[in-house]
Every structure is written in C-alpha cells, then in structure tokens.
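Okay, so here's the structure we're looking at.
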2 protein chains.
Amino acid sequence: MSGRKPVVALENPGVERAAEFIRDAVSERKVVVVVGNCWVDYRGRASSKLEPGERIVVIKEDGSVLVHRPVGYEPVNWQPAGCLFQTRVVGDVLHVRAIRRKPSESVRISFDRVYLLSAMSLVDRGEFSLHASEEDMQRAILLEPSILEDGLKPITYEKKVEPGFVDVYGVDRNGKLVVVEIKRKTAGRDAALQLARYVDFVKTVANREVRGVLAAPRLARGVQRLLATLGLEFKALDPKKCTEVLRKSETRKLAEFFEEA
Amino acid sequence: MSGRKPVVALENPGVERAAEFIRDAVSERKVVVVVGNCWVDYRGRASSKLEPGERIVVIKEDGSVLVHRPVGYEPVNWQPAGCLFQTRVVGDVLHVRAIRRKPSESVRISFDRVYLLSAMSLVDRGEFSLHASEEDMQRAILLEPSILEDGLKPITYEKKVEPGFVDVYGVDRNGKLVVVEIKRKTAGRDAALQLARYVDFVKTVANREVRGVLAAPRLARGVQRLLATLGLEFKALDPKKCTEVLRKSETRKLAEFFEEA
DNA sequence: TGCTAAATCTCGAAC
DNA sequence: GTTCGAGGTTTAGCA
C-alpha cells in the first residue's frame, strides 16, 4: 500500500521531456493528464479546427482521448476507446496524435506549452449502479399506468395469490384481466416462470382469460422465447422514466389516486 | 507572461488540506482536477451509486463536474454547468457535493485519499469550428450526385455565367438542365435570389427550361416561399453526409470520375 | 419557455 | 460483424 505511487506529476516540463513522458505512459497503459496551451485538428466523420488555448487533455488507458476547455460538460474534441497514439516533437511543438480505424479518423493535439503533466495507474473496480427500486417502479405504474400501456386500469397491487404477491393487478382497455410482474433490472427465466404461476392461479380463480405482462428494463437472453411459449408479454419499463413519473406526481398521493378512480 | 502561474498542484495532500484548497479554488472560479480514491452518490432525474475506486474528477469554472473512470469516453457521473458546491470533511473523508436547481439534483463525491490536486486559471479564447467547406459539398455532389437526386448527371462545375459562377451544372433524369447553388449553412434570401439570377441567365443562353436547385443544410425562415415564387427548389444537403461521401470515395479522383462519365 | 431533431453522439445488446 | 435502441443522453434551432 505504502509502496504504490499511483500518480506521477511534472510541472512545466519542456516539450521534449513531455513527449518522452507521454510516450512511456501511453505504452504502459497509464492514464495521462496534460494541461497546457494547445490547438487541435480533427479529421474523420467530420472535420474540426480548434484555435490555441489552455485546456485539459486526458488520455485513458483504453485509448480514449478527451480535450476539455475550462467550461462546459462536453469535451470540445475527443476520440472513443481504441486509439493508437503518435507522440513527436517538431520544433518547439509537441504533437500528440490519436488515430482510430473504422471509422478512420484522427485527432491531432499540438502543445507549445505544458503546465502540468501527470501519469497515473488507477485501480477502479467499483461497481456502478443506476437504481430505481422495484417499489418505485410499482408506484409509477399505479400513478401513470399508460407508461405500461394505454387504457390499463390498476385494480389492486401486492395482491396475495397462491405462490406470493402479484405486483400489479388490473384491467386492460378491452376489459381483460392483467397481471404485471415488475423487475428493476434484467428479467431472467425465473421472473417469467414466476409470472406464469401467478397468471395460472388468477385464471383458475377468475375462470377467464388473463394476460401476463413482465415489466422490466430488459430481458435476459432467451427469455423472450420463453415468454412466447408461456403466452406472456414483455413491456420495457425504464426505471428512470419511473423516477420521472414519481417526481412529477409527487404531490398526488397513492390513496388520493384510488379515491379518484 | 513569466509572472503568470496558470496551474498549482499538490501531491498527496491530506483531506483537510484538500478541502481548503478546493473551497478556495472553486470560489475563485478556477478549474480543479482531483485524482484520488472516491465513491459517488447521485440523486436527481435518476439515482446512482458508484462504489469506491480511483478516478479523475474535474470541476470547471462554470460549475460543471465530471467524474472519469480510467476507461471510457463518457464520465461515469457528472453535472452540467451552474452547480453550487459544498466541500467538507467528515472524519477522514472529504465530501464534495455539487448541487443543481431545476432539475433539483446533486452529486456527492467522497474521497478517502487524494493523490493529486490541482487548480488552474486557464485562458481559452480559441475559436472552435466544425467545417465542411462549400467546396467539400460541391465535390461530394460531383462524386455522388444521387445525394441530391437520383439520375442527376453533372456536366460542369464552377461554370462562369453572367453574375458569377454556377456551383454545379448538370442534367436531370428527364434530360432537363439543372443549376445547383450550394450553401454550407442555412440558406437565406440572398442565396435564393443568386440562384434565380443564374437560372435566368442559363435559360436565356440555352433557350430551354432550366431547374434551379438550392442545396443547403436548411432554409432560413420565409425562404421556402420565396423559392416557390421564383420557381426554384430546395434540397436538404447535410455537410456531414458530404464528408462521408468524400471519405468513402477518396481514392476516386474527380478527373477519373469525369472520364468515366 | 418548451418541443423537436441532430450528434464526430456513445454504449451495449440482439441478430 | 452489423444493426438497433436507449441515454441522468446533451445541445442547438424554433414555435
């Protein structure tokens, strides 16, 4: 732990020193950050020219490049992962060129001054998750059933059936019963089978046709076919859209909703 | 020039020192770059959680924030310009919170170690231009006339006529003469009137019917009606599509093209 | 101000 | 590999 030095930084290196440093760092798959006065020429899907100014340039270990001005969310120039790099000095100017195949394009960044140059070996295994709880998604459907399908009218939720609880239970625009199973992330075979059991149970109790709808951000591989076999349906439901619905209707309470309906 | 120090950097500052440094830099509207081990919680249009890992965080002078992992073009977390910042230390953890109103959201970045911390006053007045010159668009039409309309056959280009030069001059699928006027951006009334003059000239010389086509990314307001009045046509032509055509056919030379035709 | 269309879109999954 | 669709999309152009 104490032996590791994740970041090495140089202040105001000459362009020759900087070129050497960048070449080494890129070949060692390190992340490189360069702050300096530069201009940029891009040619590929489109073409662009950026006149000189002071910017931050990031070269990542996967070969992606970002040129950031002092303002703005977006990079002014960039290149996605997979670039090859050429670094060389011509006169007093350091040229860093990122080359990409398919589509064939290149970004050339030219520095006449480098203020800060650093190379880093970053360890980042942290998981990233976008969440919207299953309960959030359920509440969103109850508040705004049209996000699932037009004309859907929820009757109850968390209804007890044989094997467990039906997430949402309602009637579609044609008066047909609908059982909805919600998954907050990719729905697997288990979700499909669980829904099938619920549908079967409701069918025997109600003694009429029942639709089964699996609502999830996406389906796992092969589950679409399984659903077809089971006579069930899939409806893509974006957790973020649910969060939006909740935010917009956060003044309306669930209780009020059912009173109105 | 020699007195200006655009970038100040600290290596391995403690979190207390880092907090103070960031507070000062942000209040002075400097750009701040932090490299360290951090985790991120976002709540707003959606919600997200990023487990600990080593990343690069950039806070720009306009109040935008970027959290970059060691790979990938896109930031894993971010916030657009206009954020307010809270920086504080709790225990041994440095929390930087970016708050945005409308939509109300916040990103909290928590560091337990900072490897590199720098603040910079960058001067960037350089102009950025995405180009596809009018000449590029002309060459694209000559190489691939179908991007304008099927069956179009160019005869010459830059043809001298009374008031100037016709960009492209050709014959359509029905053998009718066509005069094309190209504009690389929104075409205004002037472009329409210029085209009208060219068409009139060619009509008097050729003594037969002549179509006038204005090729541009779009029309300014009211120009569509003016074109109709003048008996001219508009064809949307995307500069980027032209660049694509040129890239795909860059081995074919213009001369060869005319020899083949 | 809100909507619509484009972006050097990027990114990932399905086919 | 290519195509298709979503994104905390963002951003720019108009009604």
Side-chain angles (χ1 to χ4, degrees), chain A residues 40-50 60 62-67 71-83 98-108 128-132 136 185-187 216-225 234 236-247, chain B residues 40-50 62 64-69 71-83 98 100 102-107 128-132 185-186 216-224 236-244 246-247:
Chain A
V40 184
D41 288 279
Y42 158 69
R43 170 116 201 149
R45 289 164 291 178
S47 306
S48 74
K49 180 183 239 184
L50 178 63
K60 294 196 182 182
D62 61 355
S64 50
V65 193
L66 307 166
V67 180
V71 296
Y73 155 80
E74 290 190 327
V76 59
N77 280 109
W78 72 92
Q79 209 52 226
C83 290
I99 300 165
R100 182 190 187 193
R101 306 283 177 206
K102 229 175 117 65
S104 163
E105 42 186 11
S106 85
V107 170
R108 192 189 60 187
F128 175 75
S129 56
L130 254 184
H131 30 252
D136 285 343
K185 42 185 184 178
T186 306
R218 68 172 61 84
L219 291 179
R221 264 191 34 76
V223 177
Q224 179 62 269
R225 220 183 45 203
F234 167 66
L237 187 56
D238 183 0
K240 177 163 41 76
K241 174 157 278 180
C242 293
T243 323
E244 258 174 52
V245 167
L246 292 180
R247 190 162 38 82
Chain B
V40 184
D41 288 278
Y42 158 70
R43 171 115 201 145
R45 285 164 295 175
S47 305
S48 75
K49 179 184 241 184
L50 178 62
D62 59 355
S64 50
V65 193
L66 307 166
V67 181
H68 273 281
R69 310 189 83 166
V71 294
Y73 156 80
E74 293 187 323
V76 59
N77 280 109
W78 72 91
Q79 206 56 226
C83 289
R100 180 190 188 191
K102 224 171 115 71
S104 164
E105 40 187 11
S106 84
V107 170
F128 175 75
S129 56
L130 252 185
H131 31 252
K185 41 187 185 177
T186 307
R218 68 172 62 82
L219 290 180
R221 274 212 16 86
V223 178
Q224 179 62 269
L237 187 57
D238 179 8
K240 180 158 47 67
K241 174 159 277 181
C242 293
T243 322
E244 260 173 49
L246 292 181
R247 189 162 39 80

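Chain identifiers are assigned alphabetically (A, B, ...) following the order of the sequence lines, protein sequences preceding nucleic acid strands; residue numbering begins at 1 within each chain.
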Per-nucleotide protein contact string for nucleotides 10-15 of chain D (B base, S sugar-phosphate only, - none; heavy atom under 4.0 Å):
SS--SS
If you assign B:Val107 and A:Lys102 each to the DNA chain D nucleotide with the nearest heavy atom, which residue ends up on the more 5' nucleotide?
A:Lys102
With sequence neighbours left out, what residues match A:Ala187 under side chain to side chain contact (heavy atoms under 4.5 Å, CB included)?
A:Lys183, A:Ala191, A:Leu214, A:Ala216, A:Leu219
Can you list the residues that meet the side chain to side chain donor-acceptor pair (under 3.5 Å) rule with B:Asp238, with sequence neighbours excluded?
none
Any residue meeting ring pair (Phe, Tyr, Trp, His ring centres under 6.0 Å) with B:Tyr73, in chain and number order, not counting sequence neighbours:
A:Trp78
Go through DNA chain C in 5' to 3' direction and return only the first and the last nucleotide with some atom under 4.0 Å of chain B's heavy atoms.
C:dA7 to C:dC11
Rounded to the nearest 0.5 Å, the CD atom of A:Glu74 sits from the CG atom of B:Leu66 at a distance of 10.0 Å
For A:Arg225, the side chain to side chain donor-acceptor pair (under 3.5 Å) test, sequence neighbours excluded, returns none
Once you apply a heavy-atom cut-off of 4.0 Å, does A:Gln224 come out as touching a base, just sugar-phosphate, or nothing?
nothing
Sequence neighbours left out, what passes side chain to side chain contact (heavy atoms under 4.5 Å, CB included) with A:Ser47? Give chain and number order.
A:Arg43, B:His131, B:Thr243
B:Asp41: partners by salt bridge (charged side-chain N to carboxylate O under 4.0 Å, His left out), with sequence neighbours left out:
B:Arg108
With rounding to the closest Å, how many angstrom separate the P atoms on C:dT8 and C:dT4?
22 Å
Side chain to side chain contact (heavy atoms under 4.5 Å, CB included) filter on B:Ala236, not counting sequence neighbours, yields B:Phe234
Using the C1' atom in both, what is the distance from D:dA6 to D:dT10, to the nearest Å?
14 Å
